[in-house]
Each structure stands twice: as C-alpha cells, then as structure tokens.
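In what follows, a single structure is set out as structure tokens and then discussed.
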Amino acid sequence: FSGDGGFNEVLNGLERPDLPVGFVPGGGTSVLPRALGLPRDPVEAAEQIADALRENRTRRISTGRANGRRFAFSAGIGLDAEAVRRVDERGRSEEGKRPGDLAFVGTFARMLLAQRGRFDPVLEIDGYGRAALVLVANVNPYTFLKAFAVQVAPEAVFEDGLDFLAPIQLTPRTIPPLLFALATGRPARNALQGHDLDRIEVRCDRPLPLQVDGEDVGDVTEAVFEAERRSVTVLVPS
C-alpha cells in the first residue's frame, strides 16, 4: 500500500520472480496498479488483490533497469526527469503528500517558457541518433495526469521489452504536434522511436537528470536501459 516510489522500492528488493506481489494504490498517481487494471480506490483494489490471492490469479510481467535500478513502467533522461526533480524540491505537505498533477504541469510549462520552447539535441542514442530527451516505457500509458493517460509508447505491454520515444528537437512549432501525439497515442513526428528492445544505450553531452517510475535518481552522463523479461509475478484482477 503505497505510491509509485514505494512500489519501486519493493520491486528493487524482490529476488524471487515467482513470489506474487500485489500493489494497492496509496499515492497521488499510482501508475503501476492502474496499469495492471486495478481501480484507483484502495479498498476496492485491496479486495480484488485478496480475491486474486485466494484464486492464485497472477501475471508474469517484465520490468526494466536503468543503470541497474529497476523500474516498473517508465524512465527518462532530460526534460521529463528535470520536471520530476523540480516538483520533488517543493517538498511534501504536512500530511506527507507530494505536489499533485497541477504542480507537475505548471512546472513543465515554466520550463518550456524559460527556454522559449526550444530544446536542442543533448544526447545520443546508440544506433538511432541524437535527441533532446528520451522517454523509456515498459507499458502504455507512460503515466497519468488524473484520468488523462500520457501515451509515450502505445504498443508497449508488460510482457515485452522496452519502448522509447526521443524527440529530436523541441521548438514552438514541434511541441504542439508532440503533445497531440502523447494525448492520442498517434505516432510522433520528428522523434526517434524503438519498440520491444532488450537494451537502449544513451550518452549525454553533459550531466542530465534521470528518473525511474517518477523518482529522481540523480544526474548521468551515460545510461543503459535493459529489459528484464517476465521478471516479476503480480496479483491481478479478473
């Protein structure tokens, strides 16, 4: 019973792929249980997980690793990770809650305005080319903003390898079509893309922030994303 940060810690502590685990949504977004088909209400989710435990109803899913750190649904370098970092720097409320989706959207918008909507290529993806940022997905959607699904890699599923989307350059002209693609799941233009991959290697021109499952894990100049196929057993609804 946690948010995605707590789920990520659990996944990084698991050593037995056959040990079934259930994820009860307790965070503001809780992408992982929602992506597994569980309801947002924690009591309803707990009841469905209990039923799955009684009926031995499980699903073997794949995970990813970013420089050795396991993630369940997403990882990224650059703009996405910088937004995560800036939201984290705002701290938590007295109840221990992180800032919500509006804070993230506002932070992202301020970053775009500060750069006048322009982000040039700052990293290289081996075998694909240069890009302004890279988003690595283990499932669709990449994340949620309330009920709105952000679709970085519409073909990504938990049973396959990793997908990625890497806009080559962001400008005031290319940002609106990119946002439309993320909202609708349609193919993004002016972007590098990969599907069902076992390994993605990235080299950065300078230290850039890296995030996994919405958690800031520091700056990197190189990153290796690796798929761990069928690495975790999860309890799922019928």
Using 0.5 Å steps for rounding, measure from the CZ atom of Phe119 to the CG atom of Leu133. 8.5 Å
For Thr233 and Arg60, test the side chains for any donor-to-acceptor distance below 3.5 angstrom and give the result as yes or no. yes
Heavy atoms, side chains only, cut-off 4.5 Å: are Val136 and Phe71 in contact? yes
Note, Val220 side chain near Val202 side chain (heavy atom, < 4.5 Å): no
Heavy atoms, side chains only, cut-off 4.5 Å: are Leu32 and Leu11 in contact? yes
Contact list for residues 210-222, test salt bridge (charged side-chain N to carboxylate O under 4.0 Å, His left out), sequence neighbours left out: Arg85-Asp216, Arg85-Asp219, Arg98-Glu215
Which of these passes side-chain contact (heavy atoms from CB on, under 4.5 Å) with Leu208: Leu79, Val134, Leu123? Leu123
Using the side chain to side chain donor-acceptor pair (under 3.5 Å) rule, collect all pairs that involve residues 36-52, keeping only residues at least two apart or in two chains. Asp51-Arg54
Among Glu226, Glu228, Glu9, find the one that has a salt bridge (Lys or Arg N to Asp or Glu O under 4.0 Å) with Arg69. Glu9
Between Phe225 and Phe164, is the gap from one ring center to the other below 6.0 Å? no
So do the side chains of Val234 and Phe158 get within less than 4.5 Å of each other, counting heavy atoms only? no
Step-by-step side chain to side chain donor-acceptor pair (under 3.5 Å) determination, Asn8 to Asn12: CA-CA 6 Å; Asn8 184 269; Asn12 276 278; 3.1 Å; yes
Give every residue pair that meets the salt bridge (charged side-chain N to carboxylate O under 4.0 Å, His left out) criterion with at least one member in residues 153-177, sequence neighbours excluded. Arg59-Glu159
Would you find a donor on one side and an acceptor on the other, under 3.5 Å apart, between the side chain of Asn140 and the backbone of Gln151? no
Given side chains that start at C-beta, do those of Cys204 and Ile77 come closer than 4.5 Å, heavy atoms only? yes
Do the non-hydrogen side-chain atoms of Arg206 and Val122 ever get within less than 4.5 Å of each other? yes
For a 4.5 angstrom cut-off between non-hydrogen side-chain atoms, does Leu170 reach Gln115? no
Let me know which of Phe23, Phe73, Phe144 forms a side-chain contact (heavy atoms from CB on, under 4.5 Å) with Arg34. Phe144
Verify the cluster assignment for Phe148 and Leu165: are they in a single hydrophobic cluster under the rule of side-chain heavy atoms below 4.5 Å apart? yes
